[in-house]
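A note on names: the letters A, B, ... follow the listed sequences, proteins ahead of strands, and every chain is numbered from 1.
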Amino acid sequence: MSGETEAFVPLTPGEVRSYTCGPTVYDFAHIGNFRTFVFQDVMRRYLKSKGFRVIQVMNLTDVDDRIIQKSAAAGVSIREYTDKYIQAFLDDRRALNLEPPEYIARATEHIDDMVKLIQRLTAKGFTYTSEGSTYYRIAKFPAYGKLSKIDVAGMQTGARVDMDRYDKDNARDFALWKAPKPGEHFWETPIGPGRPGWHIECAAMALMYLGDTLDIHSGGVDLTFPHHENEIAESEAATGKQFVRYWLHAEHLLVDHEKMSKSMGNFATLRELFSHGHKPSSIRFLLASVPYRRQLNFSPEGLQGAASSVERLRNFVLRLRTEKFPEGISPTMAERAATAKDEFDRGLADDLNTAQALAAIFDLVREANTAMDRGEFRQGDAAAVLEALETFDAIFAVLRDDDAEKLRSLGIEPASASLSDAEVETLVADRQAARKRRDFAESDRLRDKLAERGVILEDSRDGGVRWKRK
RNA sequence: GGCGCGGUCGCCAAGUGGUAAGGCAAAGGUCUGCAAAACCUUUAUCGGCGGUUCGAUCCCGCCCCGCGCCUCCA
């Protein structure tokens, strides 16, 4: 609200009540949308790692003009129409390793709550009706504009204000409840037949699940105005209390330096990226690696770079797990692991500076690799370093989960799909035997054969070999 | 026009009043039977102009450029 970074102090110690503006389920979500959802996931994972009990509510807007229009055009019910996209959205979330919120609230299942909230506002004189619709009278709420810092008075006469087909007292007033147009689906309620306005759903559901004052409310920057401003107007007028303690808005994902959006047609869905062979971990890493308040220009090169970064991290973990180091521990390494964890945390603690946090991890990776190459790394250090990596992955969640099973279910056919672990082991053993005979022609033939199936071999100094799937 | 975000190495991106993290990419090298992986080396004076200061990329002013919101939008 202040527009500045502030120390986070939840209303109830140890507990974070958080509301997330979810998608309008009229179509598949695109990765611009997921930029925000990944940010919210990083935030909730970080808060949890700091010991907070997180209660996150995410809404699904499953009724609006587009949905009404499209479902009618498709000749199916709103429910049926939105079910499909809700399912797809939840699948996409799983693919990206987004933790499920504690509550997922569907707008059409909370019509009663919205009606009650509107009635409360009416009782306090914040509403008026016109042609069967109910509107919010912003003139009654002097604080209007405090979040987006919009000067309402100055806007009213502007050329670009709503040329509305509705009859409102003031162009800035917004609909709480919309009267049905002929043939449209509607709900019969005490305030008349119709359907909810957009903002009332979030206000009603947030208050219902989380109480009058929530700790965190987050969403994309484009929601700041009018959506969040209107939510404030609705809820604070009704409760008389502060609605949200901390607002966090994620910046946009850009494509060729323009906002990715459905209307621009410059969007990509996750399933499209998957079908081009991109892994969920690459996408998640890319979206998470740029701090949320920075615009992120999306490009295939960037995605490739993210994939390489994840690869480097995974190679490192593989090395930690498979290489044999001299017994004992080296005090300096244990210390390095500890400071890396501290630095990682320091980055995140500063308004979720993921870029800074990442640097701490990569520093550790390089230094540990160097120690290994020099023979200064000890077996006892592996645990400490792995622990630091786990701290990292508790937030970034990119180290696992690109297993063949998962990729296949996402429509990515791994090159190595046709080879089982046992088959790989057999071929690897054959090659080792060939190497022992110094039959390098045969050895290389087997290695190439494995490579064709997406299996990469790494020989180690001690004559051993480890393998991984591409 | 109002409000907001940003302009740092080829790309992505931290950061601090005292001469600039990290990742990706590129080139050369080390290791290796060859690879792979890893490591080492090389690549920036921080949009422009003024000002404050012993000293500014970081503070102030002006200017230029990009993006967004102000209408549905993560």
Side-chain angles (χ1 to χ4, degrees), chain A residues 3 20-24 26 29-40 61 64-66 145 148-152 154-155 158-164 171-172 198 218-227 229 249-254 257-264 285-286 289-291 293-299 301-313 315-316 318-319 323 343 347 350 353-363 365-374 435 438-441 443-444 447-448 451 456-461 465-468:
Chain A
T20 294
C21 277
T24 302
Y26 69 104
H30 58 69
I31 53 168
N33 300 317
F34 281 107
R35 200 266 165 111
T36 299
F37 298 129
V38 167
F39 140 66
Q40 287 160 338
T61 301
D64 83 329
D65 289 333
R66 286 166 300 187
S148 53
K149 299 177 177 61
I150 277 177
D151 179 3
V152 192
M155 302 296 293
R160 295 198 56 206
V161 173
D162 277 356
M163 25 216 156
D164 219 318
R172 285 278 155 204
W198 176 32
S218 61
V221 273
D222 49 358
L223 296 184
T224 311
F225 187 90
H227 188 51
E229 200 66 71
H249 290 109
E251 258 298 349
H252 287 306
L253 187 73
L254 309 181
H257 306 287
E258 287 192 328
K259 175 183 172 181
M260 175 179 284
S261 70
K262 279 280 156 58
S263 49
M264 297 288 278
F285 185 91
L286 177 64
S289 63
V290 176
R293 290 204 295 140
R294 238 185 124 95
Q295 294 175 339
L296 194 172
N297 196 39
F298 180 82
S299 68
E301 296 74 29
L303 198 50
Q304 188 47 52
S308 300
S309 298
V310 172
E311 187 68 19
R312 175 169 164 82
L313 261 13
N315 284 335
F316 179 64
L318 184 68
R319 186 176 190 187
E323 199 160 310
E343 287 295 301
D350 181 13
N353 190 334
T354 47
Q356 198 182 81
L358 235 27
I361 293 305
F362 279 105
D363 278 338
V365 170
R366 178 172 24 76
E367 286 168 32
N369 268 323
T370 302
M372 291 175 189
D373 286 357
R374 288 185 184 156
R435 285 182 78 205
R438 301 194 67 80
D439 181 355
F440 295 123
S443 162
D444 289 350
R447 185 169 64 194
D448 290 346
I456 309 295
L457 302 187
E458 294 178 8
D459 298 330
S460 58
R461 249 192 274 240
V465 61
R466 60 169 172 254
W467 60 272
K468 64 186 180 187

| field | A:R438: side chain to side chain contact (heavy atoms under 4.5 Å, CB included) partners, not counting sequence neighbours | value | A:F440
| With A:E458 via salt bridge (Lys or Arg N to Asp or Glu O under 4.0 Å) - residues at least two apart | A:R466, A:K468
| query | Is A:L223 touching bases, backbone alone, or none of the nucleic acid, heavy atoms closer than 4.0 Å? | reply | sugar-phosphate
| field | Among B:A36, B:A74, B:A38, the one nearest A:D222 by side-chain distance | value | B:A74
| task | Determine the Euclidean distance between corresponding P atoms of B:C72 and B:G1; express it in Å to zero decimal places. | result | 24 Å
| task | Produce a footprint string for nucleotides 26-34 of chain B: one letter per nucleotide, 5' end first; B if the base is under 4.0 Å from any protein heavy atom, S if only the sugar-phosphate is, - if neither. | result | -----S-BB
| request: Describe the nucleic acid contact of A:M372 in one word from base, sugar-phosphate, nothing, applying a heavy-atom distance below 4.0 Å. | output: nothing
| query | NA contact type, A:E458, heavy-atom cut-off 4.0 Å: base, sugar-phosphate, or nothing? | reply | base
| message | Going by the rule ring pair (Phe, Tyr, Trp, His ring centres under 6.0 Å), which residues pair with A:F316 if we only count those two or more places apart in sequence or in a different chain? | response | none
| task | Name all residues meeting the side chain to side chain contact (heavy atoms under 4.5 Å, CB included) criterion together with A:S309; count only those two or more places apart in sequence or in a different chain, and write none if there are none. | result | A:F285, A:F362
| field | Under the side chain to side chain contact (heavy atoms under 4.5 Å, CB included) test, residues paired with A:A355 that sit two or more places apart | value | A:P291, A:N353
| query | Residues in side chain to side chain contact (heavy atoms under 4.5 Å, CB included) with A:R294, at least two apart? | reply | A:V290
| A:I361 near the nucleic acid: base, sugar-phosphate alone, or nothing, with a heavy-atom cut-off under 4.0 Å? | nothing
Taking only N/O atoms, report every protein-nucleotides 20-23 of chain B pair under 3.5 Å with atom names and distance.
residue, atom, partner, partner atom, Å
B:G23, O2', A:S309, OG, 2.2

| remark: Sequence neighbours excluded, the answer for ring pair (Phe, Tyr, Trp, His ring centres under 6.0 Å) partners of A:F39 is A:Y292
| request: Mind checking A:S148 for me? I need base, sugar-phosphate or nothing, with any heavy atom below 4.0 Å counting as a touch. | output: sugar-phosphate
